[in-house]
Amino acid sequence: MGSKRLRYLDLPPSIWNLLLWTLPFLLSHNVAAHDQQAFRSPRPQVDGVLRRFTPESLDGLENVLDIAQSHELDIWQIGADAVPHVDIYSNLPLPSSLLSTPHSIHNISAQTPSLELERQDWDLTSLENTTFHAEFHRQPDVDAFIFEMARLHPESVSVLRLGHSAEEREMLGMKISASKGAKEKLSFVVLGPQHAREWVATSTALYLAHALLANSSEPNSLSSLLDVYDFHIIPSPNPDGYVHTWDVDRFWYKNRQIVGPNAKCIGIDMNRCVRGSHWKPHAKGPLLWSSASASSSSDEFKKKKKKNKTPADPCSHWYPGHRAFEAPEVNNLANYITKVNGIGRGAGKGGGGVVAMVDLRSYGQMLATPYSYKCDHLPKDNEDQMEALLGAAQAARSVHGTSFTTGRLCELLYRAPGNILDYVYQTAGIKYAYAAFLRDTGTYGFAIPPSWIRPVGEETGVLVDYLARFVARQKGIPM
């Protein structure tokens with residue numbers, strides 16, 4: 001039988017050469033098509049160590065940051081509050097000069113899921129019974145979720161097409177409205193993460209969208225908010241970076257924009273490149289000292305910082321670009337928010353404008369108000385902002401016991417110009433603008449396990465529900 005089969009392969013050399021050249025392409029094409037369905041080719045396991053360094057002073061914190069940046073280490077979080085700390089992830093040995101600083105250790109293990117459910121098995125007709133929120137999802141599945149919700153709820157969901165990313169991916173979102181009448185309503189914007197590795201923020205944006213469309217009889221449904229609000233949800237504002245975290249580097253941070261013909265690195269920090277929030281081309285990294293704390297021993301440091309006007313390093317996490325709004329993704333977000341607000345309407349100037357915005361991020365379990373770029377001046381609306389936020393934090397804690405620290409963003413982390421939170425508050429005029437840093441506080445960091453997706457979504461849903469009802473009451477609308 002073997003000899004008979006060989007006769008069929010008795011082909012001229014030219015045909016054999018053609019097959020040898022085309023067969024790899026045909027096989028790769030078949031694998032690529034298959035990859036879009038249930039089975040994924042697993043990436044190698046990502047294993048490393050997350051260390052939290054806790055120096056005794058802000059000067060010590062600055063020293064840790066200098067060492068980390070000089071060795072191009074992956075800085076996950078910086079806290080310059082009452083307990084200064086720097087979280088650094090690495091799968092390689094760290095310099096001895098760094099390890100002499102007191103620190104804690106958490107082992108991090110993360111792997112892209114190698115097996116995913118077929119889309120027809122998601123069953124998005126029910127929030128409670130769906131399997132969708134049991135796993136993180138690739139960008140094509142995020143987009144598929146949006147279109148499927150529009151198909152299931154054509155009277156309530158409009159697919160938003162915001163524009164294209166640096167790598168020409170279309171940025172999609174959802175406008176979710178009740179089908180009752182044509183009454184103009186308040187608008188509430190929910191943004192997914194601008195930093196690509198914050199997967200739990202994307203999954204939470206998707207969960208919130210599902211909760212808004214869930215039947216009111218289901219547990220955790222938020223559908224009653226649609227009597228007063230239209231929700232605008234953009235789950236993945238950085239699609240290029242998000243794809244990169246799945247395919248190449250799980251902990252990639254920026255977008256994937258080419259920043260110059262001779263640039264040695266790629267990408268812009270999308271939360272550093274917004275005009276109207278004091279964008280600076282020399283914003284190399286976190287500004288740890290406010291004017292108040294710079295009045296004593298750090299006076300010399302402050303003066304040195306003021307003289308340092310050299311452009312930021314394109315390889316830095318915090319690279320702000322050559323100009324404000326250089327990242328097309330951020331420009332698309334700003335244009336859309338302006339469009340929703342309408343000409344001369346804005347927040348607080350009548351119905352229909354955006355009255356609240358929550359920018360979902362991770363990690364840290366922090367709820368923040370403006371400002372990000374400075375700490376020596378309170379927003380004029382700070383009292384109202386904090387009243388709503390303290391109530392929201394308490395409401396969120398009641399769900400699973402998760403506690404949130406509250407305060408201005410510059411206090412909770414560090415001063416950072418060009419932040420979208422400041423833009424939304426100062427330029428777009430949205431009074432109740434917040435950044436919500438979801439779980440956890442540093443055990444898993446950005447590698448949150450999939451089993452936490454639903455609990456995080458549930459507590460964030462209660463947080464959003466509280467904020468929406470608070471703002472509506474301030475507008476004289478009973479809820």
Assess the side chains of His164 and Asn332: does a donor N or O sit below 3.5 Å from an acceptor N or O? no
Any side-chain donor paired with an acceptor under 3.5 Å for Asn255 and Glu329? yes
Which residues satisfy the side chain to side chain donor-acceptor pair (under 3.5 Å) test with [X], sequence neighbours excluded?
X	value
Arg361	Asp359, Asn419
Arg52	Gln77, Asp87
Thr204	none
Asp384	Lys431

Quick one: side chains of residues 396-403, donor-acceptor pairs under 3.5 Å with protein atoms, not counting sequence neighbours, listed by atom name and distance.
unit_1	atom_1	unit_2	atom_2	d
Ser398	OG	Ala395	O	2.5
His400	NE2	Glu458	OE1	2.7
Thr402	OG1	Arg439	NE	3.4
Thr402	OG1	Arg439	NH2	3.3
Thr402	OG1	Glu459	OE1	2.9

Carefully, step by step, assess Leu61 and Leu58 under the rule side chain to side chain contact (heavy atoms under 4.5 Å, CB included). CA-CA 5 Å; Leu61 189 65; Leu58 288 177; 4.0 Å; yes
Answer yes or no: is there an ion pair linking Arg138 with Asp247, defined by an N-O contact shorter than 4.0 Å? yes
Using a strict 4.0 Å threshold on nitrogen-to-oxygen distance, state whether Glu411 and Arg408 make a salt bridge. yes
With sequence neighbours excluded, residues passing ring pair (Phe, Tyr, Trp, His ring centres under 6.0 Å) with [X]:
X	answer
Phe446	Trp76, Tyr363
Trp252	His244
Tyr466	none
His232	Tyr336

Go through the structure and list residues passing salt bridge (Lys or Arg N to Asp or Glu O under 4.0 Å) with Asp143, not counting sequence neighbours. none
Minimum-distance pair of heavy atoms, taken over all atoms of Val259 and Cys265: CG2-O, 3.7 Å
Side-chain polar contacts of residues 98-107 - donor-acceptor pairs under 3.5 angstrom, sequence neighbours left out - could you list them?
unit_1	atom_1	unit_2	atom_2	d
Ser100	OG	Ser97	O	3.0
His103	ND1	Thr101	O	2.8

Between Tyr207 and Val456, is any pair of side-chain heavy atoms under 4.5 Å apart? no
Salt bridge (charged side-chain N to carboxylate O under 4.0 Å, His left out) pairs, two or more places apart, involving residues 163-172: Arg161-Glu170, Glu167-Arg169, Arg169-Asp240
